[in-house]
Amino acid sequence: MLDCLVIGGGQSGLMCGHLLARAGANYLVIDASARAGDVWRNRPRNLRLFTSRQFCRLADLSMLNDPNGFPSGEEFADHVERFYINKAINVSFSTRIVRLFRSGNGFIAELENGSILNSKTVINATGSNQVPTYPVFAKKIASTVRQIVASEFGDADQFPDGWNVGVIGDGASGRQIALELADRHRVYLAQGRVRKHVPNIVFGRDVFWWLDKIGLLFAERDSVVAKIIRKRDPIPVASANNQQLALRGVKLKPRAVDIQDDHIYFSDGSHERVDAVVWCVGYQENTDWIDLPSIEREKYLSEHYGKTSENGFFVIGRKWLTCRASELILGCERDANMVVDLVLKNIQEK
Ligand SMILES: Cc1cc2nc3c(=O)[nH]c(=O)nc-3n(C[C@H](O)[C@H](O)[C@H](O)COP(=O)(O)OP(=O)(O)OC[C@H]3O[C@@H](n4cnc5c(N)ncnc54)[C@H](O)[C@@H]3O)c2cc1C
């Protein structure tokens with residue numbers, strides 16, 4: 001029987017594996033994808049991270065090249081793989097967990113190929129960005145309109161020149177995609193809730209450097225300051241701010257509220273005909289495999305600082321698990337330390 005089964009081998013799961021190995025625990029990391037870093041390889045082709053390389057360190061392993069530069073998704077994927085190899089983390093790739101349930105004091109995980117694993121404890125490191133979400137009206141769209149989600153976006157060549165493209169959702173991905181499409185297409189960017197847009201560089205430094213210096217990055221999630229940031233939910237948008245988008249010809253629209261045939265309707269009553277839609281409204285986690293009675297499956301799992309309502313079942317890599325840095329690369333080691341400590345304590349108590 002394993003001491004700990006880590007489900008998910010992204011940066012969070014690999015970091016947990018590394019720390020469990022250091023503590024001498026009998027652990028295994030399971031990951032559905034074929035290679036370490038694949039999550040990043042499968043994100044939009046031209047993705048640039050919004051955190052500079054200095055904030056992409058994994059344990060003692062810094063990224064190669066200029067620490068002040070912003071890596072591509074592919075580059076960070078290779079860094080994750082380097083971390084996995086360098087630390088000789090015990091991972092089984094191309095393996096998906098399809099069901100996790102209780103067995104006495106521990107857990108049984110059922111794999112896609114029908115085999116099972118027994119473990120005293122489990123860390124859920126499957127990430128919160130697994131299944132793209134769509135507004136309810138998305139299904140009303142005409143079959144002639146081409147639809148993709150942000151992670152399927154390659155580059156402006158994806159659509160024939162001069163198409164009308166609706167980009168729905170103005171988070172970091174939506175803004176970056178709208179900008180990429182702008183030269184060759186007529187782009188409508190539907191904005192969601194009002195968020196504070198911050199540049200990536202402020203007075204010559206990565207905005208995350210400033211957030212760290214003034215203590216905002218790691219402020220505990222229930223502190224007053226963290227509650228204020230949570231409410232304002234700032235996003236670094238690099239050059240994809242409203243002014244730049246408008247200058248490049250992107251038509252900024254308010255929230256999309258409905259679709260009829262090939263027309264998107266916006267909250268100000270206006271509507272636009274589109275040939276294609278890129279859905280950038282976010283993701284949700286897939287909890288279908290969790291068959292644990294005390295876990296409310298649809299509910300966000302991250303309310304107890306890495307613990308869940310199921311004794312021995314822990315979670316990492318979720319927004320605001322402990323602080324703003326949780327779910328970001330730079331917060332991964334701190335949260336992994338906390339969760340692995342909880343795991344080790346739990347094993348001792350068993
Ligand atoms: C578009 C985008 C851009 C981002 N840019 C940045 C950035 O610039 N800087 C930054 O710090 N953060 C960024 N983030 C946030 C964050 O760093 C990532 O979401 C990160 O991938 C989270 O790491 P993770 O290990 O927790 O989860 P993931 O990287 O999502 O890894 C989860 C792993 O679990 C596996 N898995 C899932 N279900 C199962 C199962 N049932 N069985 C087995 N394996 C399973 C998956 O194959 C996957 O490998 C970005 C996020 C997105 C979506």
Side-chain angles (χ1 to χ4, degrees), residues 5-17 28-58 63 70-73 75-77 79-81 83-84 91-100 109-112 117 122-133 149-153 169 171-177 200 206-208 211 217 235-238 280-291 301-302 315-319 321 324-333 335-336 339:
L5 175 67
V6 183
I7 305 178
Q11 75 225 13
S12 304
L14 291 176
M15 186 64 73
C16 288
L28 175 66
V29 180
I30 291 278
D31 197 278
S33 47
R35 262 174 86 187
D38 269 357
V39 164
W40 292 92
R41 288 186 190 94
N42 294 329
R43 284 183 171 155
R45 199 183 302 154
N46 295 331
L47 174 81
R48 281 264 152 214
L49 271 69
F50 53 73
T51 45
S52 55
R53 293 188 188 89
Q54 66 194 296
F55 293 114
C56 294
R57 192 170 44 82
L58 292 171
M63 283 197 81
F70 292 84
S72 67
E75 191 185 339
F76 184 67
H79 183 57
V80 173
E81 193 165 34
F83 175 61
Y84 151 68
V91 187
S92 175
F93 287 109
S94 303
T95 312
R96 180 176 289 279
I97 302 289
V98 291
R99 188 175 165 229
L100 179 79
E110 210 175 282
L111 276 52
E112 214 166 17
L117 286 166
V122 173
I123 300 176
N124 173 354
T126 53
S128 48
N129 298 312
Q130 295 170 50
V131 189
T133 53
V149 292
S151 56
E152 291 166 333
F153 178 73
S173 301
R175 285 172 172 271
Q176 206 166 329
I177 288 170
N200 285 50
D206 186 331
V207 67
F208 284 93
L211 291 175
L217 267 186
I235 42 163
V237 291
C280 303
V281 290
Y283 302 84
Q284 61 189 30
E285 50 186 291
N286 176 4
T287 52
D288 289 355
W289 53 277
I290 306 175
D291 192 0
L301 286 164
S302 63
V315 65
I316 189 163
R318 301 312 197 262
K319 279 193 181 94
L321 189 79
R324 171 66 181 98
S326 298
E327 207 227 359
L328 295 180
I329 300 154
L330 59 93
C332 156
E333 186 173 5
D335 281 1
V339 169

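This chain uses plain numbering: 1 for the first residue, then up along the sequence. Atoms considered below: every heavy atom in the structure, side chains included; atoms not considered: hydrogens, waters and symmetry mates. Note that ligands are numbered from 1 as they come in the structure, with each ligand's atoms numbered from 1 the same way.
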Participant: Mind checking whether D31 contacts ligand 1 via backbone (N, CA, C, O), side chain (CB onward), both or neither, at a 4.0 Å heavy-atom cut-off?
Facilitator: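 The answer is both.
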
Participant: Starting from atom 5 (N) of ligand 1, what is the nearest protein heavy atom, named by residue and atom, and what distance separates them?
Facilitator: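 The closest one turns out to be F50 CE2, 3.3 Å.
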
Participant: Need the ligand 1 atom indices (1-based, order shown) with element for anything under 4.0 Å from a heavy-atom of S33.
Facilitator: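 With S33 as reference, the close atoms of ligand 1 come out as 47 (O), 49 (O).
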
Participant: Report the nearest protein non-hydrogen atom to atom 27 (O) of ligand 1: residue, atom name, distance rounded to 0.1 Å.
Facilitator: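 Answer, as residue, atom name and distance: G127 CA, 3.5 Å.
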
Participant: Quick check on contacts: which atoms of ligand 1 are under 4.0 angstrom from a heavy atom of T51?
Facilitator: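 Checking each atom against T51, I get 7 (C), 8 (O), 9 (N), 10 (C), 11 (O).
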
Participant: Could you check whether any side-chain N or O of R48 sits under 3.5 Å from a backbone N or O of F70, counting only pairs where one atom can act as donor and the other as acceptor?
Facilitator: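 A pair under 3.5 Å: yes.
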
Participant: Evaluate I329 for polar contact with ligand 1, using N/O atom pairs at a separation under 3.5 Å.
Facilitator: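 Between I329 and ligand 1, an N or O pair is found under 3.5 Å apart.
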
Participant: What I'd like to find out is whether the side chain of C56 reaches to under 4.5 Å of the side chain of T51, using heavy atoms alone.
Facilitator: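 The answer is yes; the side chains approach within 4.5 Å.
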
Participant: Output yes when a side-chain donor or acceptor of S128 lies under 3.5 Å from a complementary backbone atom of R318, and no otherwise.
Facilitator: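 Absent.
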
Participant: I want to confirm something. Looking only at heavy atoms, which of M15, R48, E327 is nearest to atom 17 (O) of ligand 1?
Facilitator: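 Among M15, R48, E327, the closest heavy atom to atom 17 (O) of ligand 1 comes from E327.
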
Participant: Which residue supplies the protein heavy atom nearest to atom 29 (O) of ligand 1, what is that atom called, and how far is it?
Facilitator: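 That would be V39 CG1, 3.6 Å.
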
Participant: With heavy-atom distances below 4.0 Å as the criterion, list the atoms of ligand 1 near S173.
Facilitator: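 Counting atoms of ligand 1 from 1, those under 4.0 Å from S173 are 1 (C).
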
Participant: Between I7 and W289, is any pair of side-chain heavy atoms under 4.5 Å apart?
Facilitator: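 Touching, per the 4.5 Å side-chain cut-off.
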
Participant: Just to verify, which of L100, V315, V339 counts as forming a side chain to side chain contact (heavy atoms under 4.5 Å, CB included) with N124?
Facilitator: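 With N124 as partner, side chain to side chain contact (heavy atoms under 4.5 Å, CB included) holds for just one option, V315.
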
Participant: Do D38 and D31 come close enough that some side-chain heavy atom pair is under 4.5 Å?
Facilitator: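 No, their side chains stay 4.5 Å or more apart.
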
Participant: Keeping the roles fixed (side chain from R41, backbone from A36), state whether a donor-acceptor pair exists under 3.5 Å.
Facilitator: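 Side chain of R41 to backbone of A36: a pair is present.
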
Participant: Does F70 come within less than 4.0 Å of ligand 1, judged by its heavy atoms?
Facilitator: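 In this structure, F70 fails to qualify as a contact of ligand 1 - no heavy atom is under 4.0 Å.
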
Participant: Nearest to atom 20 (C) of ligand 1, what protein heavy atom do you find, and at what distance?
Facilitator: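 Nearest protein contact, heavy atoms only, for atom 20 (C) of ligand 1 is Q11 NE2, 3.5 Å.
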
Participant: Are Q54 and S52 linked by a side-chain donor-acceptor pair shorter than 3.5 Å?
Facilitator: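 A pair is found: one side chain offers a donor N or O, the other an acceptor, under 3.5 Å apart.
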
Participant: Please list the nearest protein heavy atom to atom 12 (N) of ligand 1 with its residue and the distance rounded to 0.1 Å.
Facilitator: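 For this ligand atom, the closest protein heavy atom is L328 CD2, 3.5 Å.
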
Participant: Any side-chain heavy atom of L117 sitting closer than 4.5 Å to one from I30?
Facilitator: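 Yes; the side chains approach each other to less than 4.5 Å.
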
Participant: One residue to check: W40. Relative to ligand 1, which of side chain, backbone, both or neither has a non-hydrogen atom less than 4.0 Å away?
Facilitator: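 For W40, the contact with ligand 1 is made by the side chain alone.
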
Participant: Taking distance alone, with no angle check, do I97 and ligand 1 share an N/O pair under 3.5 Å?
Facilitator: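 N/O-N/O distance below 3.5 Å exists for this pair.
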
Participant: For G317, counting its heavy atoms only, list the atoms of ligand 1 lying under 4.0 Å from any of them.
Facilitator: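 Close to G317: 26 (O).
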
Participant: Only heavy atoms of A125, strictly under 4.0 Å: list the atoms of ligand 1 that pass.
Facilitator: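 Answer, ordered by atom number: 32 (C), 33 (C), 34 (O).
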
Participant: So, S72 side chain and E75 main chain: donor-acceptor pair closer than 3.5 Å or not?
Facilitator: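 Present.
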
Participant: Which residue supplies the protein heavy atom nearest to atom 19 (O) of ligand 1, what is that atom called, and how far is it?
Facilitator: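 The closest heavy atom on the protein side is N129 ND2, 2.9 Å.
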
Participant: Are E327 and N129 linked by a side-chain donor-acceptor pair shorter than 3.5 Å?
Facilitator: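 Looking only at side-chain atoms, N129 and E327 do form a donor-acceptor pair, the distance falling under 3.5 Å.
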
Participant: Give me the ring orientation class for W40 and F76: parallel if the planes are under 30° apart, tilted from 30 to 60°, perpendicular past 60°.
Facilitator: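 Plane angle over 60°, so perpendicular.
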
Participant: Can you confirm, on distance only, whether ligand 1 has an N/O atom lying under 3.5 Å from any N/O atom belonging to Y283?
Facilitator: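 In this structure, Y283 places no N or O atom under 3.5 Å from an N or O of ligand 1.
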
Participant: Quick one, L111 and V98 - any side-chain contact, counting heavy atoms below 4.5 Å?
Facilitator: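 No, their side chains stay 4.5 Å or more apart.
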
Participant: Give a yes or no on whether the backbone of V149 and the side-chain of E152 come within a donor-acceptor separation of less than 3.5 Å.
Facilitator: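 Looks like yes, one N/O pair under 3.5 Å.
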
Participant: Could you list which atoms of ligand 1 come closer than 4.0 Å to a heavy atom of T95?
Facilitator: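 So the answer, numbered in order with elements, is 43 (C).
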
Participant: Any atoms of ligand 1 less than 4.0 Å from a non-hydrogen atom of L49? List them with their elements.
Facilitator: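 Result: 7 (C), 8 (O).
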
Participant: Using distance alone, decide if ligand 1 has a nitrogen or oxygen within less than 3.5 Å of any nitrogen or oxygen in A32.
Facilitator: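 Yes, since at least one N or O of A32 sits under 3.5 Å from an N or O of ligand 1.
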
Participant: Kindly identify the option in I7, T126, I290 whose heavy atom sits closest to atom 36 (N) of ligand 1.
Facilitator: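 Ranked by closest heavy atom to atom 36 (N) of ligand 1, first place is T126.
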
Participant: Treating T95 as the side-chain partner and F93 as the backbone partner, does any N or O pair qualify as donor plus acceptor under 3.5 Å?
Facilitator: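 Answer holds: yes.
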
Participant: Considering only non-hydrogen protein atoms, determine which one is nearest to atom 3 (C) of ligand 1 and report residue, atom name and distance to 0.1 Å.
Facilitator: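 Going atom by atom, the protein heavy atom closest to atom 3 (C) of ligand 1 ends up being L47 CD1, 4.2 Å.
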
Participant: Would you indicate which of G13, S12, G10, A109 comes nearest to atom 24 (P) of ligand 1 when only heavy atoms are counted?
Facilitator: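 The nearest heavy atom belongs to S12.
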
Participant: Measure the distance from atom 34 (O) of ligand 1 to every protein heavy atom, then report the residue, atom name and distance (to 0.1 Å) of the closest one.
Facilitator: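 The closest heavy atom on the protein side is G8 CA, 3.2 Å.
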
Participant: Under a 4.0 Å heavy-atom limit, does R43 contact ligand 1 with its side chain, its backbone, both, or neither?
Facilitator: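 Answer for R43: side chain.
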
